[in-house]
There are 2 protein chains.
Amino acid sequence: MTSEGFGHPYAVLRPVRSGNTFEETIEHLLQAIRVGLFPPGQKLPSERDLAAHLGVSRATLREALAELQQAGYLEVRRGRYGGTYILESAASTGAEEGRIDPEELRDVLTFRAVIEPAAAEVAAQADLPASARQHLQACLTDLQAAEQGSYRARDARFHIAVAELTGSPTLITAVAETRARTSALLDKIPLLPANLEHSNQQHEAITGAILRGDAAQARTLMADHLEGTAALLRGFLEG
Amino acid sequence: MTSEGFGHPYAVLRPVRSGNTFEETIEHLLQAIRVGLFPPGQKLPSERDLAAHLGVSRATLREALAELQQAGYLEVRRGRYGGTYILESAASTGAEEGRIDPEELRDVLTFRAVIEPAAAEVAAQADLPASARQHLQACLTDLQAAEQGSYRARDARFHIAVAELTGSPTLITAVAETRARTSALLDKIPLLPANLEHSNQQHEAITGAILRGDAAQARTLMADHLEGTAALLRGFLEG
DNA sequence: CTCCAATGGACTAGTTTCAGTCCATGGCGT
DNA sequence: ACGCCATGGACTGAAACTAGTCCATTGGAG
């Protein structure tokens, strides 16, 4: 519970800006990478394209890219068919220092437990076109072939794919942001190799429920699935 | 369904900025007013305070306030114990022109149906302190005493109060934003005086379920309650 | 081999936003 | 009456951000 009283205006009236445009741009890009949107080896859209879609000037975007490049996440190649490439090191951001903020943890876990099962439920209710079904299946297959290093990103990717099936941009964004926040938290705890096999079984079951339109089941399965990570994080905080 | 394909980067990589700081500030303030955070007659926090909490310079905040003042939403009084007061006209933004975007409608209704019932559920599960229970009850009483003009804002206020009980800032913000978006949509349709009595019964039942900790019931009741407005909006879009 | 086109790189002028400072107003306590 | 002081009002110089333009690089098409 926040220490503020209830009905307090600033619980609703949040900051319009959370820092430099430049910093926020970095954060957006990092989030996209963390979440597996741009797998290592692939390249980002062109600067002009990215800048336009991020609603930021190319100059500012380039500042952000320069920072990420210096931090070793990106490599830039010039010329025709050049571009900005994601390096392997972008994925393996192992065990960064810094303690976990209990408030942040509570907030993320609560919100996640709200939207992800709901996303699965809505997705299962939707009338999915073939392309959607294929995309989900592809993400699942991809995830099941993942190695230790690529697992987290592909996991996020899969969960976002589920959200995409809902066709609700707000819901997609919410899931993506929550995934990024979760990943940031997971980066702060020593990596006990999770039970990937069990997770993969759950992913498969969730996919199945969604594809056959079993909304209630999809919801329940997703909720169970999330509980694993949640318990891990909570446990580490207390320990 | 969005026209873009699935797995498209820009479904996740959203704009960092959605306009001038100044415009966004206006939007934030308007949202707060629409949502009943500042009832007519009351005054806003001091400029210095507001600016700090909105993460915006006082100069920019003042630009926004000037705009809202010119639009007839606010009145300013100087001197000690002066301040910026919300005018009555701020509430009665009846029937603005402009068509409803079907995509926006779909998105809002989907998202709302996801988070609000969930918020009610989480609130019911929480171990609520006396102050929380009182606040919810107060919002309910306030709402039930509302006139035609003040109803929408107090309704929003009540729903946000439910979200506040969850103690999750992200969830609170999400509910508040969704409420503001819904209100904006409702402003665009002719006001058929909704069945306030029925709504009030629902509000009372929801409050009851939350206060006695019946999570499943709270969820169901909230979902039913939302369906009313959803049907109204959908119906108007098709008609 | 030459040119094309798409990409990153670099600069400039103009606009917006900011932090800080000082002024003006006017209830309230003394 | 008087002065205090929290409030809105106004200004300035610096920093951030932007739109636009042109340059540099380089793989592929002709």
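Numbered from 1 within each chain, the chains take letters A, B, ... in sequence-line order.
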Margin query: Using the side chain to side chain contact (heavy atoms under 4.5 Å, CB included) criterion, which residues pair with B:His28? Sequence neighbours excluded.
Written below: A:Val16, B:Leu54

Notebook entry, point to check: Residues in side-chain hydrogen bond (donor to acceptor under 3.5 Å, both in side chains) with A:Ser57, at least two apart?
Noted result: A:Thr60

Margin query: If you take any heavy atom closer than 4.0 Å to DNA chain D, which residues from residues 21-31 of chain A end up in contact?
Written below: A:Thr21, A:Phe22

Notebook entry, point to check: Can you name the side chain to side chain contact (heavy atoms under 4.5 Å, CB included) partners of B:Gln137, sequence neighbours left out?
Noted result: B:Leu140, B:Thr141, B:Thr207, B:Leu211

Item checked: Residue list, side chain to side chain contact (heavy atoms under 4.5 Å, CB included) with A:Arg17, at least two apart or on another chain -> A:Glu24, B:Arg17, B:Thr21, B:Glu24

Note to self: Applying side chain to side chain contact (heavy atoms under 4.5 Å, CB included), can you list everything that pairs with B:Asp49, at least two apart in sequence or on another chain?
What the structure shows: A:Tyr10, B:Pro45, B:Ser46, B:His53

Next item on the list: Shoot me the first and last contacting nucleotide of DNA chain D against chain B, ordered 5' to 3', at under 4.0 angstrom to non-hydrogen atoms.
Entry: D:dC5 to D:dA10

Next item on the list: Kindly indicate whether the side chain of B:Pro39, heavy atoms from C-beta on, has any atom under 4.5 Å from the side chain of B:Ile86.
Entry: no

Notebook entry, point to check: side-chain hydrogen bond (donor to acceptor under 3.5 Å, both in side chains) with A:Arg181: which residues, sequence neighbours excluded?
Noted result: A:Glu104, A:Asp107, B:Thr170

Show me the protein contacts with nucleotides 6-8 of chain C, counting only N or O atoms at under 3.5 Å.
| unit_1 | atom_1 | unit_2 | atom_2 | d |
| --- | --- | --- | --- | --- |
| C:dA6 | O4' | A:Arg80 | NE | 3.2 |
| C:dG8 | OP2 | A:Glu47 | N | 2.9 |
| C:dG8 | N7 | A:Arg48 | NH1 | 3.1 |
| C:dG8 | O6 | A:Arg48 | NH2 | 3.1 |
| C:dG8 | N2 | A:Arg78 | NH2 | 3.1 |

Quick one: side chains of residues 78-85 of chain B, donor-acceptor pairs under 3.5 Å with protein atoms, not counting sequence neighbours, listed by atom name and distance.
none

Check: Which residue pairs satisfy the ring-ring contact (aromatic ring centres under 6.0 Å, His included) criterion with at least one member in residues 138-180 of chain A, sequence neighbours excluded?
Finding: A:Phe158-A:His203, A:His159-A:His203, A:His159-A:His225

Check: What residue pairs, at least two apart or across chains, pass ring-ring contact (aromatic ring centres under 6.0 Å, His included) with a residue in residues 169-190 of chain B?
Finding: none

